[in-house]
Each structure stands twice: as C-alpha cells, then as structure tokens.
Amino acid sequence: MSDDAGDISRAELAEYCRTQAAILAGHLDQRSAELSDLLEEIEQDTANARTTLTEGSGPETEAEATIAEIEAKQERAQAEQAAIDDYRTLAEGYTDLAEQLAEGSGDLETVLEFEIDTDAPTYFDAETTILGVATGEDRD
C-alpha cells in the first residue's frame, strides 16, 4: 500500500483483509492447541482428584485445594474458549470483507469502519492494522 490513501485499490484492500484473516487463523491454531493442552490437564487433574477422594489417601484440605485448582483451570479454559470465539469471528469478518472488496463493493472507509467496530487492533501483537496506521497506534 502506498502512503496516499487514495491510491489503495480494492484488490490491495482485499489482499490486506485476507492477510489479516490468515494471521488470525495462525493465532487460532496456537490458542486452540493451548486450550486442548489445558483441557487434557484438567481431565488428568480431575481423574487424580477422584482417585484421591475415592481412596481417601490424602487429607481433605489437599482434595479441596486440588478441586480449587481444577476450578481455576476450568475458568481459564472458558476464558480461552471465549477468546478463540472472538478471534474466529474477527477472522470470518476479514474474510467476508475481502470477498466484498474483491467483488467491487467497499473501500478504505469500509475497512476502517470494520476495524473500529471490531476493535481489530487489539487482536494483533506487533502486526499492523489499517486503523492502527490511521490512528498512529500500530506498534508498541
């Protein structure tokens, strides 16, 4: 893209949106793998706690602590699932926007409005969004 916003074509904007969707897909893959690991850990902890409680092999306070740890991990898993859902929704939005642009509908303002409405810059680490460039908040 050039420095002059008037020179950004729909094709370039569509490619930008496809790139953003691909970056988000990478984040989704990573976060999904982390969630899977956390869920496996919860399953193992639950099985261990069940064994401990069934056999009565540990003090009650130890079992309570284990249950509290499991509940904390479950809350983390729920929060991670919500974040995954948000990333997926944003990626789908960028994909839809890319299709609209490729079909000749929309422009730079459409992309900016989308990024404002979805608070898109918060979903990217060091990557740049058009909104970030426009507001000067694209990098730390």
Side-chain angles (χ1 to χ4, degrees):
M1 289 186 225
S2 71
D3 291 337
D4 182 6
D7 291 342
I8 300 173
S9 71
R10 280 194 179 106
E12 289 173 314
L13 288 169
E15 183 60 28
Y16 163 79
C17 289
R18 284 190 286 276
T19 299
Q20 296 300 82
I23 291 168
L24 290 165
H27 287 293
L28 275 168
D29 289 345
Q30 178 183 353
R31 293 189 90 144
S32 294
E34 291 169 1
L35 177 59
S36 180
D37 292 345
L38 181 58
L39 291 174
E40 287 178 20
E41 193 176 314
I42 290 169
E43 277 186 43
Q44 185 61 47
D45 290 351
T46 301
N48 292 343
R50 188 173 291 121
T51 300
T52 300
L53 290 171
T54 304
E55 295 174 356
S57 60
E60 189 172 315
T61 55
E62 184 180 313
E64 289 173 2
T66 301
I67 291 169
E69 289 174 17
I70 292 169
E71 289 172 346
K73 287 179 183 179
Q74 288 173 328
E75 288 177 15
R76 278 191 6 234
Q78 289 172 344
E80 187 65 28
Q81 183 60 57
I84 287 169
D85 293 344
D86 290 344
Y87 273 83
R88 184 173 290 117
T89 299
L90 185 60
E92 290 169 355
Y94 271 116
T95 300
D96 292 345
L97 190 53
E99 290 174 14
Q100 289 173 10
L101 290 161
E103 293 170 357
S105 175
D107 56 14
L108 178 60
E109 187 175 328
T110 306
V111 175
L112 284 169
E113 287 174 3
F114 170 77
E115 290 188 344
I116 290 168
D117 291 345
T118 60
D119 198 20
T122 62
Y123 292 88
F124 296 91
D125 297 327
E127 293 85 42
T128 302
T129 61
I130 290 176
L131 178 60
V133 171
T135 61
E137 299 174 5
D138 61 325
R139 302 255 180 221
D140 288 334

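Here the structure is a predicted model, which means the values were calculated and not measured.
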If only atom types and distance count, is the side chain of Y123 paired as donor or acceptor with the main-chain N or O of H27 below 3.5 Å?
no
Please confirm whether the backbone N or O of G106 pairs with a side-chain atom of Q100, one donor and one acceptor, at under 3.5 Å?
no
Treating S32 as the side-chain partner and L28 as the backbone partner, does any N or O pair qualify as donor plus acceptor under 3.5 Å?
yes
Contacts of F114 that satisfy ring-ring contact (aromatic ring centres under 6.0 Å, His included) - sequence neighbours left out:
Y94
Closest non-hydrogen atom pair, L35 against A77
CD1-O, 3.6 Å
Nearest heavy-atom neighbours spanning A21 and A91
CB-O, 3.7 Å
Enter the distance from L90:CG to T118:OG1 here, rounded to the nearest 0.5 Å.
5.0 Å
Roughly how far, to the nearest 0.5 Å, is the CG atom of L24 from the OG1 atom of T19?
11.0 Å
D107 (side chain) donor-acceptor with T110 (main chain) under 3.5 angstrom:
yes
Atom pair CD/NZ of Q44 and K73 - distance to nearest 0.5 Å:
10.0 Å
Are Y16 and Q20 close enough that a side-chain donor and a side-chain acceptor fall under 3.5 Å?
yes
All heavy atoms of L13 vs all of I130, minimum pair found to be CD2-CD1, 3.6 Å
Hey, could you give me the OG1/CD1 distance between T128 and I23, rounded to the nearest 0.5 Å?
9.0 Å
Non-hydrogen side-chain atoms of C17 and T95 separated by less than 4.5 Å:
no
Write down the atom of T66, the atom of A49, and the distance for their closest heavy-atom approach.
CG2-CB, 3.7 Å
Pairwise distance CD(E43) to CG(L38) - rounded to 0.5 angstrom
11.0 Å
When every non-hydrogen atom of A102 is compared with those of R18, the smallest separation belongs to CB-NH1, 4.5 Å
I'd like to check T129 versus V133 (side-chain heavy atoms, cut-off strictly below 4.5 Å). Are they in contact?
no
For L112, does its backbone N or O pair with a side-chain atom of E115 as donor and acceptor, under 3.5 Å?
no
Residue pair Q74 / Q78, side-chain donor-acceptor N/O under 3.5 Å
no
Reported CG-to-CD distance for the pair L39 and E34, which is rounded to 0.5 angstrom
12.0 Å
